[in-house]
Amino acid sequence: MLHITNIRENKENFITLLKIKNIDAADLVISAISKDDERKKNQKSVDDLLAQGNKLAKKIGELYKIGQADKASTLKEESSLIKERSKKLQEKQTILEKEIQEILVQIPNIPHPSVPVGKSDADNITIKEVGKIPTLFDGAKPHWELANDYKLIDFDLGNKITGAGFPVYTNKGARLQRALIAYFLDKNIDAGYIEYLPPHVVNEASGFGTGQLPKFEEDLYKIPSETDLYLIPTAEVPVTNFFRDIIVNEFPIKCTAYTPCFRREAGSYGKEVRGLNRLHQFDKVEIVQIQHPEKSYEALDSMVHHVAIILDELELPYRILQLCGGDLSFTSALTYDFEVFSAGQERWLEVSSVSNFESYQANRLKLRYKDENGKNKLCHTLNGSALALPRVYAALLENNQTTEGIKIPQVLQPYTGFDIIK
RNA sequence: GGAGAGAUGGCAGAGUGGUCGAAUGCGGUGGUCUUGAAAACCAUUGUACAGCAAUGUACCGGGGGUUCGAAUCCCUCUCUCUCCGCCA
């Protein structure tokens, strides 16, 4: 959510920049500002009235003290009247505040000026392509067939106990999954990230803090109870919300967490979701940074670099994309996607998304720091996957298949305890 | 599941109807002293909104109520703790 004073100060600029996201926000921006004008005016009336009431109450108190309570009755009446009037104005104020909030949550984050214009993922810009696309032998297979042949993943079993999109990993398949998680976490810890193992369920306030709620409720699994809870769609939600309502005094804050992620993914069917390509539950290791606004883009670069190193080590061919305005998420100002080439399907699969949210989440979270003048300012938040498991897993199976079996990259071998799956 | 206690500033902890945005201690910041540091001493130190400012207003877990006036009284919700039961 954007801050209203920020919108006031950058009105034209914001409207222009939002066009990069293919959004015409002029009406929203204008109505937010005019509602806020009204809010300010009304606030002033309320404050004046309350000040008057406070003065009266003080006077009455003094009269009582000096034993002239009889003189207080007209003042009391006056005070009652003021109270009635202020109550009405306060109700109006509450409504205005709510209306402004409702407008603000509809305005997406402002894209960074460098974000390329574009309609869809077809317009994303390839920044870099690394590694050689492997040429496979005749009879090479996609990962869902490999997973079945080598008894690594049982999709049917998951289907039976839960439903489509909830695979069961078995034997070396489970071990490989666990190895990847441990390897990713170790890499992140080595890079200075503190490991957390958060709850996999969050409350509504957390969902709001990172921007999933209220707009994207249909993407989440909800657990109805007296206080509604939500299964996390990413570790970003619990981890970033650690810092809700906090004034931090040291930068950067770097966190990493492994969690399963739960997503409804309503409306995606067919080839796109085959095998591990798109799941309702998947494992992911996330990195999160809380940064000083002046350092956040530097941090974004370092996160991109960090993810690249991991993919280098895994010996997977990958490319880095800068998302165009049309593909950029609601809350992001700038996002780089990582895609690995999965040779069995001959397609690129997104395995990481690294974003700077600037102060968009921080404003919702009330996550602030003290600047050199002691004034509270909003922090910047960033996060990225390092990495999402299933598609890395798919690419490893597909790219490393040989007629002898599936070879495990060297860096993973200490974690798996085997170097080939036969 | 049963019974009880509680929620106050960064932390600890006072405050039961008016002078309380809130004592005190710790911590933080600035200063004095010191070659430097520590100690000691002095000062300062919550958040948000409105305002150029002076200042005003709101906030003592959330919401509502009583009252001229609420951190303080009442209702309600949430959460935490203790004891008993159950249990990984």
Side-chain angles (χ1 to χ4, degrees), chain A residues 1-9 32-104 197-209 213-214 222-230 238 241-251 253 290 359 361-379:
Chain A
M1 192 167 69
L2 299 169
H3 198 102
I4 186 71
T5 47
N6 199 5
I7 293 178
R8 283 177 176 282
E9 285 162 11
I33 291 175
S34 76
K35 281 270 178 215
D36 194 50
D37 287 338
E38 213 181 319
R39 194 207 100 237
K40 284 188 185 187
K41 226 170 99 192
N42 196 62
Q43 177 77 51
K44 175 87 176 119
S45 316
V46 173
D47 285 356
D48 287 350
L49 216 48
L50 288 177
Q52 221 177 312
N54 285 345
K55 263 186 212 153
L56 277 177
K58 218 166 248 179
K59 248 187 230 168
I60 293 166
E62 276 159 24
L63 284 176
Y64 270 90
K65 208 176 278 172
I66 58 173
Q68 301 187 357
D70 50 315
K71 287 187 182 166
S73 62
T74 53
L75 292 180
K76 278 194 192 178
E77 265 171 53
E78 205 180 322
S79 183
S80 292
L81 279 175
I82 286 175
K83 203 195 175 176
E84 252 174 70
R85 271 201 288 159
S86 73
K87 212 169 196 180
K88 268 186 203 146
L89 288 177
Q90 275 175 309
E91 274 163 24
K92 187 179 168 195
Q93 189 70 358
T94 310
I95 292 168
L96 282 170
E97 279 166 7
K98 214 171 136 200
E99 285 174 346
I100 292 165
Q101 164 98 347
E102 271 162 17
I103 296 168
L104 291 182
L197 189 53
H200 302 160
V201 174
V202 292
N203 57 28
E204 196 188 331
S206 295
F208 178 82
L213 297 176
K222 184 174 181 174
I223 307 170
S225 53
E226 307 92 86
T227 53
D228 289 336
L229 296 172
Y230 298 85
N241 274 282
F242 291 164
F243 306 98
R244 172 149 45 83
D245 248 320
I246 292 265
I247 298 174
V248 302
N249 40 29
E250 257 178 62
F251 292 112
I253 295 172
I290 315 293
S359 60
Q361 290 181 330
N363 185 38
R364 292 174 159 234
L365 294 161
K366 300 288 164 249
L367 165 52
R368 292 153 298 169
Y369 70 98
K370 288 209 183 292
D371 71 5
E372 57 280 5
N373 302 315
K375 286 204 76 168
N376 292 334
K377 295 275 180 65
L378 294 170
C379 300

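Letters A, B, ... mirror the listed sequences (proteins, then strands); counts begin at 1.
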Query raised in the report: So which nucleotide from B:rC68, B:rC49, B:rG51 ends up closest to the side chain of A:K40?
Result: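 Nearest listed nucleotide: B:rG51.
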For [N] and [X] - does any side-chain N or O of the residue sit under 4.0 Å from the phosphate oxygens OP1/OP2?
X	N	answer
A:K375	B:rG46	no
A:H3	B:rC49	yes
A:K44	B:rC49	no

**Report entry** RNA chain B contacts among residues 45-63 of chain A, heavy-atom distance under 4.0 Å
**Finding:**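 Result for residues 45-63 of chain A: A:D47, A:L50, A:A51, A:N54, A:A57, A:I60, A:G61, sorted by number.
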Report task. Select base, sugar-phosphate, or nothing to describe what A:K87 touches, counting heavy atoms under 4.0 Å on all strands. Result ->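 Here A:K87 touches the backbone only, sparing every base.
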**Report entry** Gap between atoms CG and P, on A:N249 and B:rU29 respectively (whole Å)
**Finding:**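 Whole-Å distance recorded here is 10 Å.
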Query raised in the report: Expressed in angstrom and rounded to an integer, what is the separation of A:I247 atom CD1 from B:rU45 atom P?
Result: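 Checked: the CD1 to P distance equals 16 Å.
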Report task. Name the residue closer to the 5' end of RNA chain B, choosing between A:D36 and A:R368 according to the nucleotide with the nearest heavy atom. Result ->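 Taking each residue's closest nucleotide, the earlier one in sequence belongs to A:R368.
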Query raised in the report: Charged N to carboxylate O under 4.0 angstrom, A:K377 versus A:D371?
Result: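 Looking at A:D371 together with A:K377, the answer is yes, because their closest N to O distance falls below 4.0 Å.
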**Report entry** Complementary nucleotide for B:rA71 - Watson-Crick or wobble, under 3.5 Å
**Finding:**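 Its partner is none (no Watson-Crick or G-U wobble pair with both distances under 3.5 Å).
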Query raised in the report: Ignoring hydrogens and angles, does a donor from either the side chain of A:K370 or the base of B:rU45 sit under 3.5 Å from an acceptor on the other?
Result: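 Such a pair does not exist between side chain and base.
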